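Every value quoted in this text rests on a predicted model; they were computed, and no experiment measured them. All ligand and atom numbering here is 1-based and tracks the order in the structure. Numbers here are sequence positions counted from 1.
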Amino acid sequence: MKAGFIAVVGRPNVGKSTLINKLVDEKVAIVSNKAGTTRENIKGIVNVKGNQYIFIDTPGIHKPKHLLGEYMTNSAIRILKDVDAILMMLDGTQEISTGDQFVMERVLSAKKTPRILVINKIDKLNDEELENKREEVKEKLGKFDGIVEIAGEYGIGVPQLLDRLEMFLDEDVQYYPEDMYTDMPIYRIMTEIVREKILVKTRDEIPHSVAIEIINVEKRDEGKDKFNVNIYVERDSQKGIIIGKGGKMLKEIGTEARKEMEKLLDRPIYLELWVKVKSDWRKKKPFLKELGYFDEK
Ligand SMILES: Nc1nc2c(ncn2[C@@H]2O[C@H](COP(=O)(O)OP(=O)(O)OP(=O)(O)O)[C@@H](O)[C@H]2O)c(=O)[nH]1
Ligand SMILES: [Mg+2]
């Protein structure tokens, strides 16, 4: 078997996690239309034609405003030197920004790592727009070992991407068993599911101010296991928004999250959600560590 590690990096919201899920054909990473969805590195393992591709989804690289943001951006940058190839992703529907150029500088500084530029969301571009994008890439970005055009959400260009990456894999190795598609612990995936429901249903600063923690699991021989889960927000006003009028919002979040968790676990569960205020938790290292954010992944 041939195998290798491939980092997927880019600005927030360009579609990194969507591509990883498509490649793995499982939902390993949560996705939303809000920038800053992914908070840590997540492996998505793909086995095809005797090749093992270990993709590493990373948080969108941005200028951090707090300790959590610093951890997020550093998680992406830290692994660039340790992988066999880097995919730097652009949102093809947007002009190349200083944010993209900042990502590129980081990618170029991992001098020895091969790098492929991925233009994503081409489903939204016509031929002329795509041609203009190619020109813009030539003008504004540095040298890459290849350019691949995809629409990750629809799988367009994905087989070609895998073919393009084959040459970067190492011979005669296999890093993970063939039935393993991620290194995310199942409880971590469960907390991410709750976070995704909140991300999708709320706006403004709420999505960024939320953290999820499983506090306790009551195992019951007869009947369903009960998961007690805390939703942390930074202020009282945010608590009110998450709970909603008469508890409506929290109920919706709970129902949607539970259904997805049950699918993941393949059994019915009870899910009890509690909303707690932890002021400025994104700036507090001990609490971030408790949430698992300062592990080297
Ligand atoms: N039209 C179109 N939209 C896409 C495509 N891929 C992703 N998207 C959308 O882009 C948005 C962001 O997707 P994510 O996968 O969460 O982006 P990300 O790069 O992981 O974002 P962060 O985790 O915040 O860094 C979502 O609304 C996706 O549905 C695509 O190929 N075509
Ligand atoms: Mg993401």
Side-chain angles (χ1 to χ4, degrees), residues 6-44 55-66 68-80 86-94 96-97 99-100 102-104 106-107 116-126 129-130 133 147-162 182 184 188-189 191-193 195-212 282 293 297:
I6 298 137
V8 184
V9 299
R11 269 195 306 121
N13 218 37
V14 295
K16 300 177 294 296
S17 302
T18 304
L19 172 66
I20 300 280
N21 289 340
K22 186 54 101 181
L23 283 161
V24 177
D25 203 20
E26 293 278 355
K27 185 162 158 187
V28 295
I30 61 169
V31 163
S32 86
N33 61 0
K34 317 274 192 316
T37 298
T38 305
R39 287 181 173 167
E40 61 197 326
N41 293 348
I42 297 170
K43 290 194 188 84
F55 289 94
I56 306 171
D57 185 17
T58 63
I61 295 174
H62 64 284
K63 254 204 195 101
K65 295 194 195 85
H66 43 67
L68 175 62
E70 243 171 71
Y71 167 72
M72 288 163 62
T73 287
N74 287 344
S75 297
I77 293 172
R78 175 164 48 76
I79 56 160
L80 293 176
I86 300 168
L87 295 182
M88 178 184 152
M89 186 180 281
L90 294 179
D91 179 339
T93 68
Q94 298 204 343
I96 294 171
S97 66
D100 294 310
F102 179 76
V103 174
M104 185 197 61
R106 302 272 82 74
V107 169
I116 302 285
L117 188 76
V118 177
I119 303 175
N120 192 26
K121 309 194 189 180
I122 60 160
D123 54 296
K124 288 216 169 149
L125 304 182
N126 62 31
E129 287 166 334
L130 188 55
K133 184 55 63 186
I147 299 180
V148 181
E149 297 161 357
I150 68 163
E153 189 156 348
Y154 306 101
I156 299 168
V158 169
Q160 290 83 345
L161 178 63
L162 286 175
T182 187
M184 286 267 276
R188 189 60 161 188
I189 302 179
T191 59
E192 286 288 273
I193 289 170
R195 201 162 65 78
E196 184 189 66
K197 303 309 164 205
I198 297 171
L199 272 161
V200 170
K201 285 177 179 294
T202 61
R203 52 196 183 85
D204 302 328
E205 86 285 6
I206 303 277
H208 306 292
S209 306
V210 162
I212 316 294
R282 285 181 290 175
Y293 283 132
K297 287 189 196 93

task = Verify side chain to side chain contact (heavy atoms under 4.5 Å, CB included) between Leu90 and Val118, making sure each step is shown before the conclusion.
result = CA-CA 6 Å; Leu90 294 179; Val118 177; over 6 Å; no
task = Examine Gly152 against ligand 1 and note whether any of their N/O atoms are separated by less than 3.5 Å.
result = yes
message = I'd like to know if Asp91 pairs up with Lys121 as an ion pair, taking the criterion as any Lys NZ or Arg NE/NH1/NH2 lying under 4.0 Å from an Asp or Glu carboxylate oxygen.
response = yes
task = Looking only at distances, please establish whether an N/O atom of ligand 1 is found under 3.5 Å from an N/O atom of Ala35.
result = no
key: The single option from Asn74, Ile77, Val107 passing side-chain contact (heavy atoms from CB on, under 4.5 Å) against Ile61   = Ile77
Test item: Asn21 side-chain N/O and Thr18 main-chain N/O as donor-acceptor pair under 3.5 Å = no
message = What's the separation between atom CE in Met184 and atom CD in Glu192, rounded to the nearest 0.5 Å?
response = 5.0 Å
ask   = To which of Ser17, Pro207, Gly92 does the heavy atom nearest atom 20 (O) of ligand 1 belong?
value = Ser17
Interfacing atoms of ligand 1 (cut-off 4.0 Å, heavy-atom, Gly60) = 25 (O)
key: Nearest neighbour of atom 25 (O) of ligand 1 from the list Arg11, Glu196, Lys16, on a heavy-atom basis   = Lys16
note = Under 2.8 Å from the Mg ion (ligand 2), the protein N, O or S atoms found are Ser17 OG, Thr38 OG1
query = So, the side chain of His62 versus the backbone of Gly60: is there a donor-acceptor pair under 3.5 Å, distance only?
reply = yes
request  = Check side-chain contact (heavy atoms from CB on, under 4.5 Å) between Ile147 and all other residues, then give those that pass, not counting sequence neighbours.
outcome  = Leu117, Ile119, Val137
Part of Asn120 with heavy atoms under 4.0 Å of ligand 1, whether side chain, backbone, both or neither = side chain
inquiry  = Only heavy atoms of Lys124, strictly under 4.0 Å: list the atoms of ligand 1 that pass.
reply    = 1 (N)
inquiry  = Any heavy atom of Gly36 closer to ligand 1 than 4.0 angstrom?
reply    = yes
request  = Number the atoms of ligand 1 from 1 as they appear, then name those within less than 4.0 Å of a heavy atom of Thr18, with their elements.
outcome  = 6 (N), 7 (C), 13 (O), 14 (P), 15 (O), 28 (C)
task = Determine yes or no for a side-chain-to-main-chain donor-acceptor pair under 3.5 angstrom, with Asn120 supplying the side chain and Gly152 the backbone.
result = yes
inquiry  = Applying salt bridge (charged side-chain N to carboxylate O under 4.0 Å, His left out), can you list everything that pairs with Arg106, at least two apart in sequence or on another chain?
reply    = none
query = Asn41 and Ser75: side-chain donor and acceptor closer than 3.5 Å?
reply = no
note = Nearest non-hydrogen protein atom to atom 10 (O) of ligand 1, with distance, is Lys121 NZ, 3.0 Å
query = Taking only residues two or more places apart in sequence, or in another chain, which ones meet Leu162 in a side-chain contact (heavy atoms from CB on, under 4.5 Å)?
reply = Leu23, Val48, Tyr53, Phe55
ask   = Does Glu196 come within less than 4.0 Å of Lys27, counting only side-chain N to carboxylate O?
value = yes
message = Does ligand 1 come near enough to Glu153 that some N or O of the ligand is less than 3.5 Å from an N or O of the residue?
response = yes
Per-atom contacts of ligand 1 with Asp123, taking only distances under 4.0 Å to non-hydrogen atoms = 1 (N), 2 (C), 30 (C), 31 (O), 32 (N)
key: Best match, Ser32, Gly15, Ala29: closest heavy atom to atom 11 (C) of ligand 1   = Ser32
note = The atoms of ligand 1 lying under 4.0 Å from a heavy atom of Asn33, numbered in the order shown, are 27 (O)
ask   = Are any of the side-chain nitrogens in Arg188 or Glu40 under 4.0 Å away from the carboxylate oxygens of its partner?
value = yes
query = If you measure from atom 23 (O) of ligand 1 to every heavy atom of Thr38, Val158, Asn13, which option wins on shortest distance?
reply = Thr38
